[in-house]
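Below: one structure, written as structure tokens.
We count ligands from 1, going down the list as the structure has it; atoms in each ligand are counted the same way. All values below come from the heavy atoms of this structure, side chains included, with hydrogens, waters and symmetry mates left out.
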Amino acid sequence: MEKNSKYDVVIGLEIHLESKTKSKMFCSCLNDADERRPNINVCPICMGHPGTLPQINEEAIDNIIKLGLALNSKISNYTKFDRKNYFYPDLPKGYQISQFDYPVCREGFLDFKTEKGVKLVRINRLHQEEDAGRLVHASDGTSMVDFNRAGLALIELVTEPDFSSAEEVINFAKELQLIARYLNVSEANMEKGEMRIEVNLSLKEKGERELGTKVEIKNLNSFKTIEKAIAYEIERQAEILEEGGTIVQETRGFNDAKQITISQRSKEDSHEYRYFPEPDLPPLLISEERIKTLKGRIPELPQGKRLRLEGEYGLKDPKTIEVFVQNKDFAEYFEKVATEVLNWMQHKRIDKEKYFDLIKLEANYLTSDLLGLANGEIIDFSEKIIPENFAEFIVLIHNGEINSKIAKVVLKDMYDLKKDPTHIIEDKGLKQLDDEKEIDKIIESVLESNPSAISDYKNGKLASFQFLIGQIMAKSKGKINPDKAKEVLSRKLENI
Ligand code: ADP
Ligand code: ZN
Ligand code: MG
């Protein structure tokens, strides 16, 4: 759809998150994502045998409360479970235990970054339910069912229809994924089905207040797919409306092979599920005390970390900040090194500007050179270089005791040999050359042996200057500061 289209895009999301718990939602079967053998983690309760009784998994309730709090939601003191009745081969009980009118969390919101600035999306509710099993379709046409997943604790989050583009949807989903991981309530991997996103999308004419008829899109298992499905669905609906047609309220699935959405079924209204209170479970009461305790257990969240990295360490580049926000372990290493940098400065006057300079240098070396040595993979760097040594390395560069060329050599040795930088510099004789006379001698001798480069330079061939610098750096084994070499060389060339 073109930018100046006559329609506004309206999107609301329903997101399922597999809750990280030891056992299933209503029985003591293991929640083991790595179990490859089918139907191992099953019992009469999650298989829905008559006469069995479900029991609420309190660890799962703690998880959903924590996520609700992190999403600025109200936590209900009174909640209850309901049966959502439908038939499907992966649903052994013939119903799913879910929550209908009293969800655990209500009325939250999440604000997150987009291209156009900060966007706030309202969250209608988060409720607790259980997952269904998994159907396995074999190549010979037979289908099998694996109930290991049946009954796992599942959190459903429903947003208000506040999104207006795929970009907003994806940024929201990525921030939610990060929050779930910080809280340790879900791994939230889309590829593994731990986070499943359903997109509800409608169009309305610009300026129109009433929302249009929505279509629900399922089978979206990556951010890329979400982007493609939204683009396709906007086009499809716009075309129908352009021709004066009406949109059918339905569920469509995204077909990866064809890259289009295909109608699956007309959407049920909630009354078709015949919701009724789960008779085998008493209402769940959540005390203020429990909420308070859980609030106290919420760690620093991504947005808090972004602000702190900027305020406490003076980091300015959003890309650098994001590397640390996305990788908790790397951020921890960065902060440990930063503390050590402060220790190195301690004997001198604490100068905030200088400290921020050092930290900026540190962040650069971490995210480019160190990451490069690990082939871009974030590993446990303290195993390779203890934070104290990395801090010392940064201080040496900042004090001009080694230049950036030498720094690369030193860092590689620190990484491979686990030695501290001062010893490496001493052992290899890498200390920067500061003696003016010696620098002069080296440059003079390079000039003497390259008369043609000098005359080329004098005749306007600027590349010769770079060539001479290269010779000087080689002759000094990289020990002259390149800026110093440039300065002395241009002075000398002018006087020739
Ligand atoms: P239903 O009863 O059909 O499930 P809900 O009101 O529960 O509908 O909303 C389901 C999801 O659809 C929510 O994420 C909501 O934000 C979104 N939604 C509701 N109406 C619209 C609309 N007209 N256009 C786009 N999304 C919508
Ligand atoms: Zn079970
Ligand atoms: Mg609904």
Degrees at the Zn ion (ligand 2) between the SG atom of Cys27 and the SG atom of Cys29, nearest 10°: 110°
Test item: Asp82 side-chain N/O and Phe100 main-chain N/O as donor-acceptor pair under 3.5 Å: yes
OG1 on Thr320 to CD1 on Ile359, rounded to 0.5 Å: 13.0 Å
Ligand 1-proximal atoms of Val10, by part, heavy-atom distance under 4.0 Å: both
Ligand 1 atoms in contact with Val158 (distance to a heavy atom under 4.0 Å): 13 (C), 14 (O)
Leu13 and ligand 1 - part of the residue with a heavy-atom distance under 4.0 Å: backbone
Ligand-residue contact atoms, ligand 1 with Gly212, heavy atoms, under 4.0 Å: 23 (N)
Enumerated ligand 1 atoms positioned under 4.0 Å from heavy atoms of Glu160: 16 (O)
Per-atom contacts of ligand 1 with Gly12, taking only distances under 4.0 Å to non-hydrogen atoms: 14 (O), 16 (O), 17 (C), 26 (N)
Other residues, nucleotides, ligands: >12 heavy atoms within 6.0 Å of Phe276 CZ: yes
Pro161 neighbourhood, listing ligand 1 atoms whose heavy-atom distance to it stays under 4.0 Å: 16 (O), 26 (N), 27 (C)
Nearest-option assignment for atom 3 (O) of ligand 1, heavy atoms, candidates Glu216, Glu198, Lys214: Lys214
Contact atoms of ligand 1, heavy-atom distance to Ser202 under 4.0 Å: 22 (C), 23 (N), 24 (N), 25 (C)
Identified salt bridge (charged side-chain N to carboxylate O under 4.0 Å, His left out) partner of Glu175 from the options Lys113, Arg306, Lys119, Arg181: Arg306
Charged tip of Lys80 within 45° of Tyr102 ring normal and under 6.0 Å: no
Sidechain-backbone polar pair: Asn327 side chain, Phe330 backbone, donor-acceptor under 3.5 Å: no
Partner residues of Lys408 under the side-chain hydrogen bond (donor to acceptor under 3.5 Å, both in side chains) criterion, sequence neighbours left out: Asp369
Short side-chain to backbone donor-acceptor contact, Gln96 and Ser98, under 3.5 Å: no
Candidate with minimal heavy-atom separation from atom 16 (O) of ligand 1, of Ile123, Thr159, Leu211: Thr159
